[in-house]
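Contents: one structure, followed by commentary.
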Amino acid sequence: MKKLILSLGFIFLLRITAFAVDGLWIPLLLGLLNETEMQSMGMKMTAEDIYSVNKGSLKDAIVQFGGGCTASIISPKGLLLTNHHCGFGQIQAHSSLEHNYLEDGFWAKTMKDELPNPGLTVTLISRIEDVTEAALRGVTEDMDKRTRQSTIDKNIEGLKTQVTKAAHEEVMFRPFFNGNQYFMFVTVTYRDIRLVGAPPSSIGKFGADTDNWVWPRHTGDFSMFRIYAGKDNLPADYAEGNVPYQPKHFLPISIDGVADGDFTLIFGFPGRTNEYLPAAAIRQIVEVSDPIKISVRDKTLAIWDGAMRADAGVRIQYASKQAGLANAWKKWQGEVLGLTRTHAVQKKLDDEKEFQKIVAVNPAFAKYGNLLDDFNRLYSEIAPLAAAKDYYDEITFRNIELFQLAAGFNRLASAFENNGEAGLAQAKAQLGSRLGNFYKNYRPEIDQQVFAALMELMVREVPHNFLPSSLVDKVVEKNGAENYAAQLFSSTWLTGPVQAEAILTMADGDLLKAIQNDEFCQLAKTLAATYNEQVASPCNELNERIESLQQTYMKAQMEVFPQRRFYPDANGTMRCSYGRVQGYKPRDAVSYFTKTYLDGVMEKYVPGDYEFDVPEKLRQLYEKKDYGVYGENGRMPVCFLGSNHTTGGNSGSPAIDANGNLIGLNFDRVWEGTMSDYNFDESICRNIMVDIRYVLFLVDKYAGATNLVKEMKLVRPKTAATQKQKPRENPRFKTKSKEAVKY
Ligand code: ARG
Ligand code: GLU
């Protein structure tokens, strides 16, 4: 293993500064790259305790949850802990005005009451292997991107046939360092995952959008699920007779609490970071891409929020969609602010100057001489296309809902053109299964307003050579976007579930004619055609060249700056990041403490408010200070801060102490640090976790779900350590007093 990595020249010196612990590390390589540093920070475990293929280790308790989040196993019966916002879609799907689990919370009193969630999966990692050498066999530096990729694809196909794995295991290969390294993951995916419990949104989403991405925070962002397996403990489709999964390892829970400086390990599945981009790319994000996406969502969210506040039914229907849209919208704002304030572009430019200086004097680096010029040229070439793409992506794929449905119907026509009746039948079945879900959460009168607002924006902001002239005509020449929207929404049958279902059951010829005659379907089709031709295809072509350059640039940075410490960007695979419980200084004369308490929840409490209401039962518990064993000197801890490097996908990741016990639940980052995906700055980048004692207090005292607490293993490692220490303080041991000082 070591030899392999060394041979690739990717072993970089660890520059151990005063614990600059940014990084998203591969569990397999901790022993090689991180163990010493982690232990010097107080970790009592070995790398083998965290990741091992020979024995149960921490990694066996960490799962990817529903594709986009992380969860951890916290009992021998497959009980899962993740965020409230990670289970939000499921909680929403089970909710109605009669059983409003979003508003009231949900607790299964027995396992029989746990609710199945079709489509929800969790994935465990059996093992990870570095397959770089085999994956890149035959690849040369002068290959063009396509040839390179097809060589790699062929290598990987070959590798797939050689993997030793059980029948229930799957295998996937992922590029790291922009395609300079490859790893293989053998995984097991469970398909029967049931909802066990969730607090009301007034706890699980306390502070909502106002507090999102912000410290100080007071959100009890957790929910619980359970993995079910067949009788053989292996993955099985949902069946009533399935049994709770028995894990190789589950996390013990420490109720001793955290203190400033304590070691913290975040273990999970971070989604995407881009720490090694050139200045030109950062400039595009700050100046063009983020602002465009924000401006589109500004409009949609204003309309959705108004409708949600006015109507409890809409509130349930749009809750999950709104949360997703608002989350990224707010993050981008923090990102722009953070990148600007930390002078990220200038930092990158300085760095590039340094890079160029070294390259200029070293003949071995001559091949990198034009890299940055090429980047700059490509980024300016792509700028107008990328901007148009951002508008199109946001508006037609994410914000106006009816476009997604229209695209589904238009796909029927192209399926028929390409694959005849059989193709059409298949596409119909697919679309048919989606219709129910779409309409369950759809209000055409809201979407119509969004349509009007966004078409107006699009025609105003996107250069008209990138738009179909018929659209420009209708919005500009006729009587404006609002009238166009009204006319279109009243003429299309897409807005009516009954009509759409009926059209789907028509004879093929009639069905295709109905699609062709529908004005909205036609608009969607024209937009898609113009987009693909004028924007997407030239944009993708340039993007491919940029990616190719980025791959070279990644390699070049590692060679040119051998003293630096590199970790691969997040790519949805399992990673560890370690840090400490630590506050920060967001700006001049302001300093943030590391912990929040229930007192802070009560400070923010606004009776009946959409974001800051507090349930009566919680207020009563607060009045009585009824915190059981979970309190801390008569107060109830709620959230805490750490210096761990995290990103989207780390939601639901366990925060683990020096001994491998669960102490918290990761769910967010701080406002000043949301730019960490591009420019991690250890002085202000912090992750936010729910204190595990708050979770337990809510499960136990608030929800009365003592059955769940009984399943878990609660430990007190700090208390145990001080008790061990006690005899040394005993006068009888006085001679050893020097040793006691060490504690
Ligand atoms: N910002 C966190 C994350 O990125 C939490 C999001 C959920 N909360 C919300 N108000 N939408 O996912
Ligand atoms: N809330 C994020 C998520 O859903 C994690 C916070 C972050 O992006 O750091 O994964």
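One-based numbering, in listed order, for ligands and for the atoms of each. This chain uses plain numbering: 1 for the first residue, then up along the sequence.
Among all protein heavy atoms, the one lying closest to atom 6 (C) of ligand 2 is Asp668 CA, 3.5 Å. Nearest protein neighbour of atom 8 (O) of ligand 2, counting heavy atoms only, is Arg669 NH2, 2.8 Å.
At least one side-chain heavy atom of Asp613 sits less than 4.5 Å from a side-chain heavy atom of Tyr605. Side chains of Met689 and Asn666 form a contact here, defined as non-hydrogen atoms less than 4.5 Å apart.
Between Glu37 and Arg565, at least one side-chain N (NZ, or NE/NH1/NH2) sits under 4.0 Å from a carboxylate O, which counts as a salt bridge. For Asp681 and Arg341, the salt-bridge test fails: no basic side-chain N is under 4.0 Å from an acidic carboxylate O.
Within 4.0 Å of ligand 1, contacts by protein heavy atoms are made from His85, Lys205, Ala208, Asp209, Asn212, Trp213, Ala323, Asn327, Ser651, Phe667, Asp668.
Aromatic pair Tyr101/Phe106: ring centres closer than 6.0 Å. Proximity of the aromatic rings of Phe566 and Phe177 is defined here by a centroid distance below 6.0 angstrom, and this criterion is not met.
Ring-plane geometry between Tyr439 and Tyr442 is classed as perpendicular, the angle between the planes exceeding 60 degrees on a 0 to 90 degree scale with a lower cut at 30.
Listed by number with element, the atoms of ligand 2 under 4.0 angstrom from any heavy atom of Phe667 are 1 (N), 2 (C), 5 (C), 6 (C). Here is the list of ligand 2 atoms found below 4.0 Å of a heavy atom in Asn650: 10 (O). Close contacts between ligand 2 and Trp213 involve ligand atoms 7 (C), 8 (O) [criterion: under 4.0 Å to a heavy atom].
Thr594 contributes no side-chain N or O that, together with a main-chain N or O of Gln582, makes up a donor-acceptor pair within less than 3.5 Å. In this structure a side-chain-to-backbone donor-acceptor pair under 3.5 Å is present from Asp311 to Val314.
Note on ligand 2: Phe269 sits outside its first shell, no heavy atom being nearer than 4.0 Å.
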Can I get a per-line list of side-chain donor-acceptor pairs under 3.5 Å for residues 202-209, giving both atom names and the distance, sequence neighbours left out?
residue: Asp209; atom: OD2; partner: Gln322; partner atom: NE2; Å: 2.9

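Any N or O atom pair closer than 3.5 Å counts here, and Gly649 shares at least one such pair with ligand 2.
Applying the 6.0 Å contact sphere to NZ of Lys585 captures no more than 12 heavy atoms from other residues, nucleotides or ligands.
In the candidate list Cys86, Gly648, Ser651, Ser651 is nearest to atom 1 (N) of ligand 2, counting heavy atoms.
Of all the heavy atoms of His85, the ones lying under 4.0 Å from any atom of ligand 2 belong exclusively to the side chain. With a 4.0 Å heavy-atom cut-off, ligand 2 is reached by no atom of Thr674.
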